[in-house]
Amino acid sequence: MNFPILSYLIFIPLLGFLAVLFLPKEKHNAIRWVASIFSFIPMVLAFWLTFDYYFAFSGSADFVYVEGPFEWIAPIHAQYFLGVDGISVPMLFLTGLLSFLSIIVSFNITHRVKEYFAFFLLLETGMIGVFCALDFFLFYVFWEVMLVPMYFLIGVWGGPRKEYAAIKFFLYTLFGSIFMLVAILILYFTSEPHTLNIVELIQTAPGFMARTPQMICFIFFFVAFAIKVPVWPFHTWLPDAHVEAPTAVSVILAGVLLKMGTYGMMRISWPMFPEMVRYFHIPIALLGLIAIIYGALVSMAQKDLKKLVAYSSVSHMGYCMLALAAYGSVTAMAGCMFQMFSHGLITGALFMLVGVIYDRAHTREIAAFGGLGVKLPVYTGLMVLFSMASLGLPGMSGFVSEFMVFVGAFITPTLKVITALAVLGVVLTAGYMLRMVQNVFLGEFDRSKWNHLTEINVREILMVSPLAVLTIVIGVYPSPLSNIMKATLQNLVNLMAR
Amino acid sequence: MPDINLEILIPEIFLFLWALFLFVFDLGTKRKNHQLIGYLAMFGVAVAALLLAAYHGGQGFNRMFLSDNLALFFKVIFLGSAFMAIGSSFDIASQKIKHHRGEYYGLILFSTVGMMFLSSAGELISLYIGLELTTIPLYALVAYYKDDRTSVESGLKYLIVGAFSSAILLYGLSLLYGLTGTTDIVEMKLNLSLVFISFERIGPALILAMIMVIAGIGFKLALVPFHMWAPDVYQGAPTPITALLSVGSKAAGVVAFLRIFVDGLYGFADTIMSPLNWGAVVAVLAAAAVVLGNITALYQKNIKRMLAYSSIAQIGYVMIGMVAVSKLGIASVGFYMFIYLFANMGAFAVATIFNDKTGSDSIRAYAGLSRTSPALAAFMAVFLLSLAGIPPLGGFAAKYLVFAAGIEAGYTWLVILGLLMAVVSLYYYAYVIKMMYFSSETPSFSIKSPLSANIVLVLGVAGLLVFGIYPEPILNFALTTARSLGF
């Protein structure tokens, strides 16, 4: 493997960042097109990577397309070390796709265009980097690099309370990261010889670490990742950030950033501290249950369309936590991966669609609408499609993932009751989604108020249609996706049985 | 036959003579050309750096003057801070201090010579002389706006506190001399380990000596609780001088601390070796500095006061590396100061340029800066994010090393506290960014910074990016400094 595809994936958006910086700021269209090209190439590379991985490597659990480890900062043993496996490949696919689509979504940004696209490409570099890094120092750097562009994207282009939402997001996630940093340092200094190599530490950490430091490290990592997911009670930054963020940023936030938390658990905490996972799996499942039920109940009470989708993310990510707690089941792990993937597609699309109506109506208040199905049939069709996917209608990806999560969790003897309670979440989800559909699209149409609304345009249809296609394809025929990750997840479960 | 070895002093001698030349030149040209004299001063610093590269290594004056790696490393920092302070002073020189430009630049160079001497001092007397040579020109520089009440007030404050702390330091040093019979730091270390057996006999005097030296140097470092003077002085002084105070003169204090404590009093760093240890005391002071500096900075409305409190906190982070008393610890201290040079000098340079144009130091005045002066705002954002320790900027690598050293030495509580306070610090650094970027106001002015200041800003950002992404060369260099202290 001579073509360093992962480095290209990471650094092409960075090149785009530089390219945008050197464009004159009045040339809005040039900036938009340069940004789309520099996010289109990584998307194509990510697609190619996924197909190549599927045909060439999906039977093995090893890291492939490995680059390095190259010496980076020798005195502290930081290395430039990249590689992917069945967990990271789907995430790269999702990141590549959603980043490109978000850039397309952002074509209607007219305020400080140059800075917007520059920050967006920088953000993409950070996200791809996180999913490729196999060295703790590198991982941490990418993890943090994302915060700055995100801070600016919310803070400059956000809604009325943008400043509050931006700093809250920044402080909250940084607060989580510092615990990760301490855990990384503890791991580094207890390993002998000192190393920051994630692959090596996965093999050796359960051996060389005593129980107490393991517990400290596990909890620290858990806090860092849980804030990102976000697991209740660390979720309070999420609704603020989502509501204030511009549409494309919400898409990225829900579609990719939240997945980093669960990705971090699957990549780092779970295989590195299997004993702690076994010890804590019931509390983790409980947190998942609380997130599912609480997120759904709060969604039900929302008056704002975007807030409803935001809280539904809390609920949906709860399924991932429940699945992760079922550490011994490959089905549950696959369910978690499926849930991450399909939540990225569905919630991404929902945020885009909420953005579409907000651009036209300048409000997102559910009660303000009614009977939009008369005036906007295509838009209504798409919105209903994704709402059904979100509530887990069979034939869509949301159903597949939730089903796998429940099956996997239920066969774990200790989690039977929690799983049974969690199934209630499906009913609640159906409740708030259907209520939303009913209030916004059905009923009496207020012709005097909303007659000026125009139907969803071609650009907007094009940006949600890939997501719609994928949602249905995975819902009907999930096995290619599950084949990609099967071997890796089996290996993960084996590692956790140590 | 004493070995004088005068040639290792060439950089210092050159810089001293160059300062005198600047005085004469300014008089000779009837104080007309403010640009040229500034560039001459920068040129002198650059030449001194080249001379430093050519003549280093060895020792002179019977170990009173050591040209070891530690000295070399910190001299680079001193010269860098002088260079950047001079580079950001051009507008001040052309507007506010028309009649004393030569002296202004000359005094900066004098102070730099003092710092260089200090970092090379192998024994207590030359260390003290170096410290005085550093601070006396700074007294004058702080009060340089003669017609400005706050500048004069802060000059006076700095003079009184400085003289007071020097006296305390000198008392502490004299006690150390009395206990060990020598002023040579390495000999002192040996003698102390010999009398260590009868520790009870010298215990109280040694404690007194250590407290006095910590207090004396602590004043220079603005280490909590010896920091009260710093915000006022920082606010009143001409901004480039504030920058020099916060970087150059602090780095000088750090070297003094390294030489006296980490080297000379090595045996008393932790409880395993002696019942009293300065490590625990300094760890508590570091914790206090980090907490107090960061929390107080949250409430500042004036950018210079905010940066003053931030630099109080930053020195707390340096002290975390210091109390580790290890190879990594010493390297992290050096590395931290090196990165801090770029970030802090850069931030103060932006504050200087901003003040030259608008006459304001208020953070509120920065509202909307990114609309009319995008480059300046972007530079400021980079400097502040580096100070907050966000990767991939240099400040992250620096904080990482300091914390790594802390964890390695077992100061986990201190590291966690430091990290929590780093989150707090992000709030006030981001507040300035928020003002510059998120505010909907559009300022009436657009700032074009002069060439010399642009050199400083670009140097600062380049340093942070290059050494943030590829810190290895500087880190390796910093690791060799540990050898100078016997690690």
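All heavy atoms count here, side chains included; hydrogens, waters and symmetry mates do not.
For A:Tyr80, no part sits under 4.5 Å from any heavy atom of chain B, backbone or side chain. Using a 4.5 Å cut-off between heavy atoms, A:Phe175 contacts chain B through both its backbone and its side chain. Residue A:Glu71 does not touch chain B at all, counting heavy-atom pairs closer than 4.5 Å. Only the side chain of A:Ala166 comes within contact range of chain B, with heavy atoms under 4.5 Å apart. The parts of A:Val156 that come within reach of chain B are both its backbone and its side chain, each placing non-hydrogen atoms under 4.5 angstrom from that chain. Heavy atoms of B:Ser370 lying under 4.5 Å from chain A belong to its backbone as well as its side chain.
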- Task: With side chain to side chain contact (heavy atoms under 4.5 Å, CB included) as the test, would you mind laying out the steps for A:Leu174 and B:Tyr427 before giving the verdict?
- Result: CA-CA 11 Å; A:Leu174 190 74; B:Tyr427 185 83; over 6 Å; no
- Task: Start with the C-alpha distance between A:Phe179 and B:Leu419, add both sets of side-chain angles, then the distance that settles side chain to side chain contact (heavy atoms under 4.5 Å, CB included), and finish with yes or no.
- Result: CA-CA 8 Å; A:Phe179 287 99; B:Leu419 278 163; over 6 Å; no
- Take A:Ile178 and B:Ile416, measure what side chain to side chain contact (heavy atoms under 4.5 Å, CB included) needs, and give me the verdict at the end. CA-CA 8 Å; A:Ile178 62 167; B:Ile416 292 179; over 6 Å; no
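By the 6.0 Å contact criterion, CZ on B:Phe487 is enclosed, its count of non-hydrogen atoms from other residues, nucleotides or ligands being greater than 12.
Here the side chains of B:Ile433 and A:Tyr151 are in contact, with some heavy-atom distance below 4.5 Å. A 4.5 Å side-chain heavy-atom check between B:Phe438 and A:Phe152 finds at least one atom pair inside the cut-off. Using a 4.5 Å heavy-atom cutoff, the side chains of A:Phe137 and B:Phe396 are in contact. A:Arg112 is listed as a side-chain neighbour of B:Tyr437, based on a closest heavy-atom distance under 4.5 Å.
If you take CD1 on A:Ile167 and CG on B:Leu426, they are separated by 5.0 Å, rounding to the nearest 0.5 Å. Here the straight-line distance linking atom OG1 of B:Thr412 with atom CG of A:Leu185 works out to 9.5 Å at 0.5 Å rounding. Note that NZ of A:Lys162 is 6.5 Å distant from OG of B:Ser440, once rounded to the nearest 0.5 Å.
Residues from residues 397-405 of chain B that place a non-hydrogen atom less than 4.5 Å from a non-hydrogen atom of chain A comprise B:Tyr400, B:Leu401, B:Phe403, B:Ala404, given in numerical order.
Scanning all heavy atoms of the two residues, the minimum distance from A:Ile73 to B:Glu472 falls at CA-OE1, 3.5 Å. In this structure, B:Val423 and A:Leu171 approach most closely via the heavy-atom pair O-CD2, 3.2 Å. Among all heavy-atom pairs drawn from A:Val145 and B:Pro391, the shortest one is CG2-O, 3.6 Å.
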